[in-house]
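Start at 1 and go down the list; that is how both ligands and their atoms are numbered. In this text the structure is predicted, and so the values were computed from the model without any measurement.
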Amino acid sequence: MWNSPKVGILGGGQLGRMLVESANRLNIQANVLDVENAPAKQISFHDGHVTGSFKDPEAVRKLAKSCDVITAEIEHVDTYALEEVASEVRVEPSWQAIRTIQNKFNQKEHLRKYGIPMADHRELVKGTADELANIGEELGYPLMLKSKTMAYDGRGNFRVNSKADIPEALEALKDRPLYAEKWAYFKMELAVMVVKTKDEVLSYPTVETVQEDSICKLVYAPARNVSNKINEEAQALARKAVSAFEGKGAFGVEMFLLEDNSLMLCEIASRIHNSGHYTIEGCALSQFDAHIRAVTDLPIPAKSLEIRTPSIMLNIIGGATPDSHLKAAEAALSIPNASIHLYSKGAAKPGRKMGHVTVTAATMFEAETLIQPLIDVVDKMRA
Ligand code: ATP
Ligand code: MG
Ligand code: MG
């Protein structure tokens, strides 16, 4: 029997909560650093949690004292505090990986050295309209202006259609460190969950993601109408990109599939990821199970990462009213094969991820048919 290690988790939102669900089943104590009553703490009763912020060095030090290994459900953490505690506790993935990845521009500069294909991009050094206009001349329009840091769910991106949009774009992202990306004309967005263990880099199959307003809405696992060759190539690219970073755990890799069937990296997350939620029902080991095992050096049979049954995941996002997510969940109760996950975040705000539903079936067509009425419900509730 393994020597039940204590795992510290920076962040107790829905990803932390689902990590705790996995840890619980292995009798592994997960100590969560976040506000009192965060979603992850609500399902884990012991006195090892720490109240505070994952951006506060003192709180990170306190968590470090209480566990054997520290990990994070979010990349926007204080990596200087992680660097400091790395001498007394294992930090997985490494603080270096999290620090590089949390800055999208640095992430891409790092990956460039490893020959990872991605959209051409330019740093804004001064952040002025003239500078962006010059970059626009070089990259062409439309282009995506992006915040280097603190970006999630598209909050941090602004599509610049022409030179005339520049003032509005700079105003929308003011006071943030910026870079610009050439527009990627993709026919589909793909994602792969990669799991780095002490001696291997494993991957789940390639899935298709659909974003609406830059927020992930649907995930089809496996990706529909994608050849085996592309499925394999996307996994290989994802593993290669993640291999450029030190440390163990699950990493989410987002990619663009272009018209000519070539692949481009969109971004990497140094953590479990929305595009991997389907693994809870779709695979023998979920991304959360795999992450817990990876950071505690427990075995992960590669076969357990295969998709057992076609799966579709639909996010339940805060809509027009504070309870619209509950109405969506209620509608899901009557859908055959639908597994409902509510995150217990309280009242919804528009655009906030409140839960998700995964429908599995013998074929993708059947799963599509089963979930369509729920997609219709969710579409009607949009803010
Ligand atoms: P996440 O919630 O996944 O962390 P994010 O806020 O970090 O999102 P990105 O993943 O960079 O943002 O972009 C969000 C979405 O915007 C992408 O999934 C894609 O649909 C679109 N997008 C991003 N970059 C480009 C690009 N260069 N060209 C075209 N579309 C893009
Ligand atoms: Mg991101
Ligand atoms: Mg993204």
### Message
I'd like to know if Glu92 and Lys196 make a salt bridge, using a cut-off of under 4.0 Å between side-chain N and carboxylate O.
### Response
no

[X] side chain to [Y] side chain, donor-acceptor N/O pair below 3.5 angstrom:
{"X": "Arg159", "Y": "Asn161", "result": "yes"}
{"X": "Gln235", "Y": "Asn231", "result": "yes"}
{"X": "Ser339", "Y": "His341", "result": "no"}
{"X": "His291", "Y": "Ser22", "result": "no"}

### Gln14 vs His356 side-chain heavy atoms within contact, under 4.5 Å
no

### Query
Using 30° and 60° as the class limits, which term best fits the ring planes of His76 and Tyr152: parallel, tilted or perpendicular?
tilted

### Message
Restricting to under 2.8 Å, identify the protein N, O or S atoms around the Mg ion (ligand 2) as residue plus atom.
### Response
Glu267 OE1, Glu267 OE2

### Query
Are there more than 12 heavy atoms of other residues, nucleotides or ligands under 6.0 Å from atom CD of Glu330?
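Count not over threshold, so no.
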
Could you list each nitrogen or oxygen of ligand 1 that sits under 3.5 Å from a protein nitrogen or oxygen, with the atom names and the distance?
residue	atom	partner	partner atom	Å
ligand 1	2 (O)	Asp153	N	2.6
ligand 1	2 (O)	Asp153	OD1	3.3
ligand 1	3 (O)	Glu254	OE2	2.7
ligand 1	3 (O)	Glu267	OE2	3.0
ligand 1	4 (O)	Glu267	OE2	3.0
ligand 1	6 (O)	Tyr152	N	3.4
ligand 1	6 (O)	Asp153	N	3.3
ligand 1	6 (O)	Gly154	N	2.7
ligand 1	7 (O)	Lys104	NZ	2.8
ligand 1	7 (O)	Glu267	OE1	3.3
ligand 1	7 (O)	Glu267	OE2	2.9
ligand 1	8 (O)	Glu267	OE2	3.4
ligand 1	10 (O)	Glu254	OE1	3.0
ligand 1	10 (O)	Glu267	OE2	2.7
ligand 1	11 (O)	Lys104	NZ	2.8
ligand 1	11 (O)	Lys146	NZ	2.8
ligand 1	12 (O)	Lys104	NZ	3.3
ligand 1	12 (O)	Asn157	ND2	3.4
ligand 1	13 (O)	Asn157	ND2	3.0
ligand 1	18 (O)	Glu189	OE1	2.6
ligand 1	20 (O)	Glu189	OE1	3.3
ligand 1	20 (O)	Glu189	OE2	2.6
ligand 1	24 (N)	Lys146	NZ	2.9
ligand 1	27 (N)	Glu181	OE1	2.9
ligand 1	27 (N)	Lys182	O	3.1
ligand 1	28 (N)	Ala184	N	2.9

### Task
For the pair Ser270 (side chain) and Ile268 (backbone), establish whether a donor and an acceptor sit closer than 3.5 Å, ignoring hydrogens and angles.
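No: the side chain of Ser270 does not pair with the backbone of Ile268.
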
